[in-house]
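Not measured: the values here are computed from a predicted model.
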Amino acid sequence: MLLQLIENCNCDDHTISSYAHQISLSASRLSHLFKTEVGIPLKSYIMLHQVECAFEAYLNGKSITQAALDAGFDSPSHFSATIKRIMGMPASLSAKDSEFLKVKEV
């Protein structure tokens, strides 16, 4: 259920407490259960979901700034810093001519 909530989000509130409220658990309990069942921290999973949404919007023609804001990042610089930390390069270079980022099977 939680994975569906995250996947189908409208990117307006990506907080653990928001998801915990939706499924009637405390934020700490939800985080613990998620890490136990999925193997990665919930905060990291949510952040990766935001990155996916931002890149999808960017690859569909939105500016990096608009894609970052639409995906729920606080600012374009927050998105850029996150991408730099994860991928080791700026977001613009990460997406430029990247076949890896353009492939998405549903």
What are the two closest non-hydrogen atoms of [X] and [Y], and how far apart are they?
| X | Y | answer |
| --- | --- | --- |
| Ala71 | Cys53 | CB-CB, 4.0 Å |
| Ser75 | Leu69 | CA-CD2, 4.0 Å |
| Met89 | Ile83 | O-CG2, 3.6 Å |
| Ala54 | Ala67 | O-CB, 3.3 Å |

Item to complete: Quick one: do Ser31 and Lys35 satisfy side chain to side chain contact (heavy atoms under 4.5 Å, CB included)? Show the steps, please.
Response: CA-CA 6 Å; Ser31 294; Lys35 170 86 183 211; over 6 Å; no

Worksheet item: For Gln4 and Asn8, does a side-chain donor sit closer than 3.5 Å to a side-chain acceptor?
Response: no

Discussion item. Please tell me whether Thr65 and Ser63 have a donor and an acceptor in their side chains that are separated by less than 3.5 angstrom.
Written reply: no

Would a hydrophobic clustering, with Ile, Leu, Val, Met, Phe, Trp and Tyr connected at side-chain separations under 4.5 Å, put [X] with [Y]?
| X | Y | result |
| --- | --- | --- |
| Ile40 | Ile6 | yes |
| Leu5 | Leu33 | yes |
| Phe34 | Leu48 | no |

From [X] atom [atom1] to [Y] atom [atom2], the distance as rounded to the nearest 0.5 Å:
| X | Y | atom1 | atom2 | answer |
| --- | --- | --- | --- | --- |
| Leu2 | Glu37 | CG | CD | 11.5 Å |
| Tyr45 | Ile16 | OH | CD1 | 13.5 Å |
| Phe79 | Met47 | CZ | CE | 11.0 Å |
| Leu30 | Leu42 | CG | CG | 5.0 Å |
| Ser17 | Gln22 | OG | CD | 10.0 Å |
| His32 | Leu25 | NE2 | CG | 11.5 Å |

Any heavy-atom pair between the side chains of [Y] and [X] that's under 4.5 Å?
| X | Y | result |
| --- | --- | --- |
| Asp70 | Tyr58 | no |
| His49 | Glu52 | yes |
| Thr82 | Gln50 | no |

Practice prompt. May I have the step-by-step check of side chain to side chain contact (heavy atoms under 4.5 Å, CB included) for Glu56 and Asn60, ending in yes or no?
Written response: CA-CA 6 Å; Glu56 186 174 330; Asn60 284 319; 3.7 Å; yes

Item to complete: Could you label the plane-to-plane angle of the His14 and Tyr19 rings as parallel, tilted or perpendicular, counting under 30° as parallel and over 60° as perpendicular?
Response: tilted

